[in-house]
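In what follows, a structure is listed as structure tokens, so that the remarks can point back to it.
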Amino acid sequence: EKLYLLANEKYYENLNNAEEDAVFSPETSRELLAIEKEISQDVVNEAKNNLNFVNITKCWLDEIYKKTEKDKRNRSINMNTFEYYRSIIFTYLNRMFGEYKINELTLDIVQAKFDSEVNLGNSTQKGNRSTLAQVMEFAKKRGFIKENFAEEIELPEEKKPYIEESILKN
């Protein structure tokens with residue numbers, strides 16, 4: 001907002017310095033547009049650099065919910081799938097990555113977080129990785145991050161239940 005005020009100040013400074021019946025030349029108009037565009041881009045870049053993971057997940061959920069509700073006969077996903085994504089995000093992903101800005105996440109950070117979740121089953125880990133990949137793709141398409149490395153996350157080996165041999169023989 002402050003940056004827009006600066007652009008307006010520059011605009012009015014030029015306006016006040018002009019004679020009453022003066023008309024801005026095309027060059028002056030272009031200069032003012034360039035200033036406004038530059039300032040707008042600064043605002044956008046600042047917003048991108050300060051966007052946290054939780055906000056991205058909320059935006060992603062909001063977008064897929066709108067697609068789901070828009071045309072109930074031609075849904076991109078059904079409500080059960082939406083609820084599944086929402087559950088994963090609020091139960092696991094926001095807890096794991098909520099402290100980070102989206103552009104601070106690296107493969108090493110994400111891998112370490114997944115490795116620390118030792119009590120989760122393999123299907124939960126796969127669901128977490130898949131949902132994270134979709135959230136990151138959403139962020140990538142909007143220019144908040146440069147790459148989506150979620151599919152590169154290595155999941156721990158699947159735990160197989162221990163069954164005594166005597167039980168297997170019966």
Side-chain angles (χ1 to χ4, degrees), residues 1-7 36-168:
E1 193 175 340
K2 289 178 186 175
L3 295 172
Y4 282 115
L5 291 174
L6 290 173
E36 187 176 320
K37 185 176 180 180
E38 182 180 320
I39 289 171
S40 298
Q41 193 56 49
D42 288 344
V43 170
V44 168
N45 289 339
E46 186 176 330
K48 282 182 179 182
N49 291 334
N50 290 314
L51 197 58
N52 67 30
F53 182 81
V54 173
N55 288 340
I56 286 289
T57 60
K58 287 178 183 176
C59 291
W60 180 69
L61 283 172
D62 187 51
E63 182 171 287
I64 63 172
Y65 181 78
K66 285 177 184 171
K67 285 180 182 176
T68 301
E69 283 297 299
K70 187 186 260 184
D71 183 358
K72 293 185 180 189
R73 281 179 270 138
N74 295 317
R75 291 179 174 165
S76 56
I77 63 168
N78 68 37
M79 284 307 290
N80 289 337
T81 305
F82 174 81
E83 285 301 324
Y84 172 73
Y85 291 148
R86 194 174 73 71
S87 171
I88 285 177
I89 285 171
F90 289 111
T91 305
Y92 302 107
L93 297 181
N94 282 351
R95 179 178 49 80
M96 292 166 71
F97 306 111
E99 66 192 81
Y100 294 97
K101 293 177 182 171
I102 190 70
N103 63 353
E104 292 175 337
L105 290 176
T106 63
L107 179 57
D108 290 337
I109 290 170
V110 174
Q111 186 66 60
K113 291 286 188 177
F114 269 79
D115 290 346
S116 71
E117 298 288 325
V118 292
N119 295 326
L120 297 181
N122 198 266
S123 64
T124 302
Q125 290 273 38
K126 284 180 182 177
N128 289 351
R129 180 179 62 186
S130 172
T131 304
L132 177 63
Q134 291 180 62
V135 170
M136 292 186 75
E137 190 60 30
F138 173 83
K140 181 182 172 190
K141 284 181 180 177
R142 280 146 188 83
F144 298 122
I145 58 175
K146 288 184 173 46
E147 68 172 316
N148 178 359
F149 49 77
E151 291 300 328
E152 297 175 37
I153 298 166
E154 294 178 18
L155 299 179
E157 285 188 33
E158 189 169 358
K159 298 174 191 166
K160 298 192 181 195
Y162 173 74
I163 302 173
E164 274 191 48
E165 282 186 43
S166 62
I167 295 174
L168 291 174

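What you see is a predicted model, and the numbers here were worked out from it, not measured in a lab.
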Query - Contacts of type salt bridge (Lys or Arg N to Asp or Glu O under 4.0 Å), residue Glu83, not counting sequence neighbours - result: Arg86
Report task. Find the distance between OG (Ser123) and CG (Asn128) and round it off to the nearest 0.5 Å. Result -> 9.5 Å
Query raised in the report: Going from CD1 on Ile88 to CE on Met96, what distance comes out if it is rounded to the nearest 0.5 angstrom?
Result: 11.0 Å
Report task. Start with the C-alpha gap between Trp60 and Thr131, add the side-chain angles, then the distance that decides, and say whether side chain to side chain contact (heavy atoms under 4.5 Å, CB included) holds. Result -> CA-CA 10 Å; Trp60 180 69; Thr131 304; 4.0 Å; yes
Requested in this report: To the nearest 0.5 Å, tell me how far Glu147 CD sits from Glu152 CD.
Outcome: 6.5 Å
Report summary line: Lys146 and Lys140 have their tightest heavy-atom pair at O-CE, 3.6 Å
Requested in this report: Identify the two heavy atoms, one from Ala150 and one from Ala133, that lie closest to each other, and give their separation to 0.1 Å.
Outcome: CB-CA, 3.4 Å
Requested in this report: With sequence neighbours excluded, tell me which residues meet side chain to side chain donor-acceptor pair (under 3.5 Å) with Glu137.
Outcome: Asn148
Query raised in the report: So which heavy atom on Asn103 is nearest to which on Ile145, and how close?
Result: CA-CG2, 4.1 Å
Query raised in the report: Who are the side chain to side chain contact (heavy atoms under 4.5 Å, CB included) partners of Ser87, not counting sequence neighbours?
Result: Thr91
Query raised in the report: Which distance, rounded to the nearest 0.5 Å, do you find between the CD1 of Ile153 and the CE of Met136?
Result: 7.5 Å
Query raised in the report: What distance do Arg142 atom CZ and Ile102 atom CD1 have between them, rounded to the nearest 0.5 Å?
Result: 12.0 Å
Query raised in the report: How about Gln134 and Tyr85: does a side-chain donor come under 3.5 Å of a side-chain acceptor?
Result: yes
Query raised in the report: Rounded to the nearest 0.5 Å, how far apart are CZ of Phe138 and OG1 of Thr57?
Result: 10.0 Å
Requested in this report: Tell me, please, which residues at least two apart from Glu151 pass salt bridge (Lys or Arg N to Asp or Glu O under 4.0 Å).
Outcome: none
Query raised in the report: Is a side-chain N or O of Glu104 found less than 3.5 angstrom from the main chain of Lys101, in a donor-acceptor match?
Result: yes
Query raised in the report: Taking all non-hydrogen atoms of both residues, which atom of Leu93 and which atom of Phe53 are closest, and how far apart?
Result: O-CE2, 3.7 Å
Report task. Over all heavy atoms of both residues, which pair between Gln125 and Glu117 is shortest? Give the atoms and the distance, please. Result -> NE2-O, 3.3 Å
Report summary line: Given the options Leu51, Leu61, Ile89, Ile56 meets side chain to side chain contact (heavy atoms under 4.5 Å, CB included) only with Leu51
Report summary line: Looking only at heavy atoms, the pair that brings Gly98 and Val54 closest together is CA-CG2, 3.7 Å
Query raised in the report: Under a 4.5 Å cut-off applied to non-hydrogen side-chain atoms, are Phe97 and Val135 in contact?
Result: no
**Report entry** Sidechain-backbone polar pair: Gln111 side chain, Glu154 backbone, donor-acceptor under 3.5 Å
**Finding:** yes
Query raised in the report: Does the side chain of Tyr92 come within less than 4.5 Å of Leu120's, by heavy atoms?
Result: yes
Query raised in the report: What residues form a salt bridge (Lys or Arg N to Asp or Glu O under 4.0 Å) with Asp62, not counting sequence neighbours?
Result: Lys66
Query - Any residue meeting ring pair (Phe, Tyr, Trp, His ring centres under 6.0 Å) with Phe114, in chain and number order, not counting sequence neighbours - result: none
